[in-house]
Amino acid sequence: MEHVPSAAEMLGWIETVVGQGVRRPGYPADAWTERWLAERLAEFGLEVTLEPVEVRRWQPGAGLLRLDDGTSWTGMPLPHTAPTGGLRGRIARLADARPGDIVVDEVTFSELPQSYVKTLATSAYDPEGVFDTLVQTIPFGPRMMEVVEPALAAGAVGFVGALTGLPWETRDYYVPYDAVERPIPALWLSGTDARRLLARLPCEGELIAESATDTVITHNVVATLPGSSPHTVIVASHHDAPWARPWRTPPAWPSSWPPPATGPASRPGNARTT
């Protein structure tokens, strides 16, 4: 490469990509990013190909928990859980749940000491010796993707995830993103709203969690730089971003539901840039 990008130029790339909006699986911003990456890598003189990958795209619709006392909170349906236009029932904590309940369970992000991660690595470079002092907060609870499974085991007909253990306030938590279909409707509530709900349990209410799923094509962006040795070095990353906030105001949902198909997609952990 004749030109080595500066830090400012690389930060500009990040701003450009993030400016397209949330790059969840199947969203237009991720399809745009595929094309943008291919163009940039080709400009660097690499051999670029796009490998098609068929994936299931999931998009959320209305999400609401309404109690019989008139209190209601807006939430985000969990990816690839069963949609419902209205499920009534008893709402209770997981520890107090009966078969047929809508179960509420709290999520707290896990902390991962980098000293432990170092023991899993084939090698480590830490000349300043800071790994033993660092702790990474990962955006998952101890069950990772299996947030609904304890409720299923308890015989629940619905699930409400209480995001009380997150370091920021949000209900837009795109987990699980393993694309596994789960057979009950489910909804995330922000930490503040979830604490208000927990103070009222057990109670009666209605869960609304709408969504739409279809099949689309995404692409792995593969760029090859021929070398002179017999060895192959692979650098891989995903080009989706299920939690990234747009730098500009996103378009409003269409008045009709489900939303129309909007083009190629990617599945986290599958489509990638190499």
Side-chain angles (χ1 to χ4, degrees), residues 22 24 58-113 135-211 242-245 253:
V22 176
R24 288 176 181 157
W58 177 91
Q59 298 185 79
L64 186 73
L65 186 67
R66 181 187 297 120
L67 307 188
D68 283 359
D69 67 4
T71 305
S72 64
W73 299 285
T74 299
M76 175 180 167
L78 272 67
H80 297 281
T81 53
T84 180
L87 172 68
R88 289 195 51 78
R90 178 177 180 265
I91 307 172
R93 291 175 181 264
L94 177 61
D96 303 322
R98 307 168 186 167
D101 281 354
I102 298 171
V103 167
V104 181
D105 196 19
E106 296 183 77
V107 172
T108 297
F109 281 177
S110 300
E111 293 188 341
L112 193 62
V135 177
Q136 178 187 8
T137 299
I138 61 175
F140 308 104
R143 293 192 295 270
M144 302 296 285
M145 298 293 126
E146 296 185 346
V147 291
V148 180
E149 276 65 15
L152 290 171
V157 295
F159 172 80
V160 176
L163 299 175
T164 54
L166 273 62
W168 63 85
E169 183 76 5
T170 187
R171 60 174 177 261
D172 298 324
Y173 183 48
Y174 193 85
V175 167
Y177 60 70
D178 52 11
V180 174
E181 302 287 339
R182 289 171 171 84
I184 62 174
L187 190 73
W188 289 119
L189 289 182
S190 70
T192 296
D193 291 344
R195 292 183 189 93
R196 292 168 179 159
L197 169 64
L198 291 167
R200 290 170 165 82
L201 298 181
C203 61
E204 299 287 327
E206 181 182 27
L207 171 66
I208 298 171
E210 298 179 342
S211 61
W243 302 312
R245 286 287 186 179
W253 281 106

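In what follows, every heavy atom counts, from backbone to side chain, and hydrogens, waters and symmetry copies are set aside.
Taking every heavy atom of both residues into account, Leu187 and Gly75 meet most closely at CD1-C, 3.5 Å. Nearest heavy-atom pair, Pro185 versus Thr84, reported as atom, atom and distance to 0.1 Å: CB-CG2, 3.4 Å. For the residue pair Pro202 and Ala92, the shortest heavy atom distance occurs at CB-CB, 4.3 Å. Residue Ala154 comes nearest to Leu94 through the heavy atom pair CB-CD1, 4.2 Å, listed as atom of the first residue, atom of the second, then distance.
Qualifying side-chain contact (heavy atoms from CB on, under 4.5 Å) partners for Pro79, counting only residues two or more places apart in sequence or in other chains: Trp58, Tyr174, Pro176. For Ser190, the side-chain contact (heavy atoms from CB on, under 4.5 Å) partners are Glu169, Arg171, Thr192, Asp193, not counting sequence neighbours.
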Under 3.5 Å, which donor-acceptor pairs link side chains of residues 95-105 to any protein atom two or more places apart or in another chain?
from	atom 1	to	atom 2	distance (Å)
Asp101	OD2	Arg90	NH1	2.4
Asp101	OD2	Arg98	N	2.8
Asp105	OD2	Arg143	NH2	2.5

Practice problem: Would you please test Arg195 and Thr164 for side chain to side chain contact (heavy atoms under 4.5 Å, CB included) and show each step? | Solution: CA-CA 7 Å; Arg195 292 183 189 93; Thr164 54; 3.9 Å; yes
Practice problem: Give the C-alpha distance, both sets of side-chain angles, the deciding distance and a yes or no for side chain to side chain contact (heavy atoms under 4.5 Å, CB included) between Asp172 and Arg24. | Solution: CA-CA 11 Å; Asp172 298 324; Arg24 288 176 181 157; 3.8 Å; yes
Exercise. Determine, stepwise, if the pair Arg196 / Thr71 fulfils side chain to side chain contact (heavy atoms under 4.5 Å, CB included).
Key: CA-CA 10 Å; Arg196 292 168 179 159; Thr71 305; over 6 Å; no
Self-check item: Check against side chain to side chain contact (heavy atoms under 4.5 Å, CB included), Leu207 and Phe159
Solution: CA-CA 9 Å; Leu207 171 66; Phe159 172 80; over 6 Å; no
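Pairs passing the salt bridge (charged side-chain N to carboxylate O under 4.0 Å, His left out) check and including a residue from residues 181-191, sequence neighbours excluded, read Glu149-Arg182, Asp178-Arg182. Residue pairs satisfying the salt bridge (charged side-chain N to carboxylate O under 4.0 Å, His left out) criterion with at least one member in residues 68-80, sequence neighbours excluded, are listed as follows: Asp68-Arg88, Asp69-Arg200. Applying the ring pair (Phe, Tyr, Trp, His ring centres under 6.0 Å) test to every pair with at least one member in residues 181-204, sequence neighbours left out, gives these pairs: Tyr173-Trp188.
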